Q: 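The structure is given below, and queries will be raised subsequently.
Chain identifiers are assigned alphabetically (A, B, ...) following the order of the sequence lines, protein sequences preceding nucleic acid strands; residue numbering begins at 1 within each chain. Quantities reported herein were computed from a predicted structural model and do not represent experimental measurements.
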Amino acid sequence: MCGRARCTLRPEQVARACGIDDASSPPTLQMDRYHPSFNVSPGSYLPVVRKEGNAGKGAVIHCMKWGLIPSFTKKNEKLDHFRMFNARSESVSEKASFRRLVPNNRCLVAVEGFYEWKKDGTKKQPYYVHFNDRRPLVLAALYDYWENSEGEIFCTFTILTTCCSSALQWLHDRMPVILGNKSAMDAWLNGCPSFEVESVLKSYEDPDLVWYPVTPEMGKPSFNGPECIKEIQLKPVEKNPISKFFFKTSEIKCESFPEVKSSSEEATQTNQFEDVKEEPTTHETKEEVLDFGGHGTDNKLEVQSLLKEGAEKCGTKRNYKQFAVDSEFPDTIKMPSLEKKENPKSKEERQQTLLSYFQRR
DNA sequence: CCAGACGTTGTT
DNA sequence: GTCTGG
DNA sequence: CCAGACGTTGTT
DNA sequence: GTCTGG
């Protein structure tokens with residue numbers, strides 16, 4: 001499934017990720033509705049790349065609400081964006097609400113990553129899933145227009161899902177359809193109405209899709225900011241409660257597994273597009289790879305020899321590259337939930353100790 | 001013919 | 001809009 | 001997706 | 001439990 005994501009991409013980044021020709025100044029529509037967020041959920045607006053017009057082959061970035069409202073929805077019906085925020089790709093060509101959109105209402109949604117909750121009995125642990133080179137994920141989606149009784153047009157979309165890749169099966173059974181290359185994106189966006197959609201509606205199996213656990217606090221939709229994607233250290237699961245008095249969690253904490261694959265993909269920046277009016281060009285020239293903390297220096301090395309298996313059991317899979325640069329979140333951006341947090345994480349909290357284990361309870 | 005549905009997820 | 005059910 | 005509410009009356 | 005809201 002896909003019910004939560006990070007999208008703090010600027011329109012140019014969306015355009016570039018989706019393969020729009022003139023990505024430097026893409027045509028946009030209703031972008032004032034776009035509020036970049038580390039915690040996007042159904043019901044909020046995201047930039048969607050769709051074809052411009054019927055015959056025109058150009059693309060436009062159109063900000064739409066996540067959660068499909070089919071055009072045939074009754075004029076006076078109460079809108080429910082939380083019912084159809086996903087569409088099963090396996091049945092999308094049969095279901096009445098989606099079927100009619102497949103030929104002519106396909107679109108792309110670019111996000112930096114998405115969240116997935118792992119259920120362990122009563123507990124739910126969220127993980128952040130993303131590409132190890134931090135290029136955006138381009139997701140397959142469908143959109144529709146609906147007009148209310150006052151003549152207002154509502155633009156909404158739904159993200160297609162498929163079964164999880166074998167690598168992500170441990171986490172969930174469903175995942176969004178990730179269009180992993182230019183031809184898949186192009187086919188989905190520009191393919192003729194009768195094109196064989198099944199060919200691109202596959203689960204993404206490549207090993208550059210990685211993940212790590214994040215704070216359960218981000219489950220609250222109002223919790224926003226870079227803290228959402230900060231890697232956390234999972235507490236080891238202890239069968240025997242007594243044993244936790246006898247080991248140092250710092251010794252057995254999960255280490256990362258360095259992916260050895262090198263990617264030629266251009267790393268994308270993670271700056272904000274908070275408000276075009278305020279600082280439209282400030283970030284234009286930056287090509288720096290940025291990240292928003294959370295990857296303590298203590299995580300950086302000595303992990304080379306660790307087994308992949310062990311790392312993945314501990315719920316982390318990542319690439320060296322993401323530690324190449326350690327930078328702060330730009331302070332030009334308003335991030336309310338961050339501002340409230342007066343204390344930055346102490347080293348104590350980053351590197352888990354027996355003391356912190358109890359302090360946090 | 002008209003009326004009514006049209007969905008996913010996870011959990012039971 | 002389009003299909004299913006009565 | 002998860003979090004949070006889950007109610008009425010009358011008055012401002 | 002189930003619905004609504006973000």
Q: Heavy atoms under 4.0 Å, any strand shown: does Ala87(A) hit a base, just sugar-phosphate, or nothing?
A: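 If one applies the 4.0 Å heavy-atom cut-off, Ala87(A) turns out to touch the sugar-phosphate alone, with no base involved.
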
Q: Is there a donor-acceptor pair closer than 3.5 Å between any side-chain N or O of Trp188(A) and the backbone N or O of Ala141(A)?
A: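 Between the backbone of Ala141(A) and the side chain of Trp188(A) there is a qualifying donor-acceptor contact (under 3.5 Å).
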
Q: Not counting sequence neighbours, which residues clear side chain to side chain donor-acceptor pair (under 3.5 Å) with His81(A)? List them please.
A: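 Side chain to side chain donor-acceptor pair (under 3.5 Å) check on His81(A) returns nothing, list empty.
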
Q: If I pick the C1' atom on dT11(D) and the same atom on dC2(B), what distance separates them, to the nearest angstrom?
A: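 Here dC2(B) and dT11(D) have their C1' atoms 48 Å from each other.
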
Q: From NZ of Lys123(A) over to P of dC2(D), roughly how many Å is that when rounded to an integer?
A: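 About 16 Å, once rounded to whole Å.
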
Q: To the nearest angstrom, how far is His172(A) atom NE2 from dT11(B) atom C1'?
A: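 Those two atoms, NE2 and C1', are 13 Å apart.
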
Q: What pairs of residues pass the salt bridge (charged side-chain N to carboxylate O under 4.0 Å, His left out) test when at least one of them lies in residues 72-85 of chain A, not counting sequence neighbours?
A: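 Matches after skipping sequence neighbours: Glu77(A)-Arg83(A).
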
Q: Tyr143(A): which residues meet the ring-ring contact (aromatic ring centres under 6.0 Å, His included) condition with it, sequence neighbours left out?
A: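 Listed in chain order: Tyr145(A).
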
Q: For Ser44(A), which contact category applies under a 4.0 Å heavy-atom criterion: base, sugar-phosphate, or nothing?
A: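 Result for Ser44(A) = nothing.
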
Q: Does any non-hydrogen side-chain atom of Arg16(A) lie less than 4.5 Å from one of Pro26(A)?
A: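 They are not in contact (no side-chain heavy atoms under 4.5 Å apart), so the answer is no.
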
Q: Which value, in whole Å, describes the distance between the C1' atoms of nucleotides dA5(D) and dA5(B)?
A: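 Straight-line distance between the two C1' atoms is 29 Å.
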
Q: Taking the hydrophobic residues Ile, Leu, Val, Met, Phe, Trp and Tyr, and joining any pair whose side-chain heavy atoms are under 4.5 Å apart, which ones share a cluster with Met1(A)?
A: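 Other cluster members: none.
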
Q: How far, in whole Å, is dG10(D) from dA3(B) if one measures between their C1' atoms?
A: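 Rounded to whole Å, the distance is 42 Å.
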
Q: Partners of Asn148(A) by side chain to side chain donor-acceptor pair (under 3.5 Å), sequence neighbours excluded?
A: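 Result, side chain to side chain donor-acceptor pair (under 3.5 Å) vs Asn148(A): Glu152(A).
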
Q: Across the strands shown, which category fits Arg88(A) at heavy-atom distances under 4.0 angstrom: base, sugar-phosphate, nothing?
A: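 It contacts sugar-phosphate atoms only.
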
Q: I'd like the C1' distance from dG4(B) over to dT8(D), given in whole Å.
A: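 Nearest-Å result for dT8(D) against dG4(B) at atom C1': 35 Å.
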
Q: Give Ser89(A) one of three labels, base, sugar-phosphate or nothing, depending on what nucleic acid heavy atoms sit under 4.0 Å from its own.
A: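 Since no nucleic acid heavy atom lies under 4.0 Å of Ser89(A), the category is nothing.
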
Q: How close or far is atom P of dT9(B) from atom CZ of Phe98(A), stated in whole angstroms?
A: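 Taking atom P of dT9(B) as the reference, CZ of Phe98(A) is at 9 Å.
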
Q: Output a table of nitrogen or oxygen pairs between the protein and nucleotides 3-7 of chain D separated by less than 3.5 Å.
A:
unit_1, atom_1, unit_2, atom_2, d
dG4(D), OP1, Lys220(A), NZ, 3.0

Q: With sequence neighbours excluded, tell me which residues meet side chain to side chain donor-acceptor pair (under 3.5 Å) with Asn86(A).
A: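 With sequence neighbours excluded, Asn86(A) shows a side chain to side chain donor-acceptor pair (under 3.5 Å) to no residue whatsoever.
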
Q: Does anything in residues 90-103 of chain A form a side chain to side chain donor-acceptor pair (under 3.5 Å)? List the pairs, not counting sequence neighbours.
A: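 Those involving residues 90-103 of chain A are Ser71(A)-Arg100(A), Glu90(A)-Arg174(A), Arg100(A)-Asp144(A).
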
Q: Compare every heavy atom of Leu68(A) with every heavy atom of Leu142(A), then report the nearest pair and how far apart it is.
A: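 Taking Leu142(A) first and Leu68(A) second, the nearest heavy atoms are O-CD1, 4.0 Å.
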
Q: Specify the separation, in whole Å, of atom CE of Met84(A) and atom C1' of dT8(B).
A: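 After rounding, the reported distance stands at 10 Å.
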
Q: Hey, is the side chain of Arg174(A) poking within less than 4.0 Å of OP1 or OP2 on dT9(B), counting only N and O atoms?
A: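 Arg174(A) to dT9(B) OP1/OP2: side-chain N or O found under 4.0 Å.
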
Q: Starting at the 5' end of DNA chain B, write a dot or bracket for each base, bracketing those in Watson-Crick or G-U wobble pairs whose two distances are under 3.5 Å and using | for partners on another strand.
A: ||||||......

Q: Could you check how far CZ of Phe157(A) sits from P of dT8(B), rounded to whole Å?
A: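 Going from CZ in Phe157(A) over to P in dT8(B) covers 16 Å.
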
Q: Find the distance Met1(A):CE to dT11(B):P and express it as a whole number of Å.
A: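 Value for this atom pair: 9 Å.
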
Q: Who are the side-chain contact (heavy atoms from CB on, under 4.5 Å) partners of Ala17(A), not counting sequence neighbours?
A: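 Ala17(A): side-chain contact (heavy atoms from CB on, under 4.5 Å) contacts with Ala110(A), Pro136(A), Val138(A).
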
Q: Holding to side chain to side chain donor-acceptor pair (under 3.5 Å), I want the full list of residues that pass it with Ser183(A), two or more places apart in sequence or in another chain.
A: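 Per chain and number, Ser183(A) pairs via side chain to side chain donor-acceptor pair (under 3.5 Å) with Asn181(A).
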
Q: Please measure how far the P atom in dG7(B) lies from the corresponding atom in dG5(E), and state the result in whole Å.
A: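 Straight-line distance between the two P atoms is 23 Å.
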
Q: Which whole-number value in Å describes the distance from Phe114(A) CZ to dT9(B) P?
A: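 Taking CZ of Phe114(A) and P of dT9(B), I get 13 Å after rounding.
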
Q: Using a heavy-atom cut-off of 4.0 Å across all strands, would you classify Asp80(A) as base, sugar-phosphate, or nothing?
A: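 Nothing, no heavy atom under 4.0 Å.
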
Q: Could you go over nucleotides 2-6 of chain C and give all protein N or O partners under 3.5 Å, atom names and distances?
A:
none

Q: Hey, are the side chains of Ile178(A) and Leu139(A) touching, using non-hydrogen atoms and a 4.5 Å cut-off?
A: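 Heavy-atom side-chain distance check passes, below 4.5 Å.
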
Q: If you look at every strand shown and take non-hydrogen atoms under 4.0 Å, does Pro70(A) touch a base, only sugar-phosphate, or nothing?
A: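 Nothing, no nucleic acid heavy atom in range.
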
Q: Reckon Thr161(A) touches a base, only the sugar-phosphate, or nothing at all at heavy-atom distances under 4.0 Å?
A: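 Sugar-phosphate, no base atom in range.
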
Q: Distance check needed: dC2(D) C1' versus His81(A) NE2, whole Å only.
A: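 These atoms are roughly 18 Å apart.
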
Q: Lys78(A) near the nucleic acid: base, sugar-phosphate alone, or nothing, with a heavy-atom cut-off under 4.0 Å?
A: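 Since only primed, P, OP1 and OP2 atoms lie under 4.0 Å of Lys78(A), the category is sugar-phosphate.
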
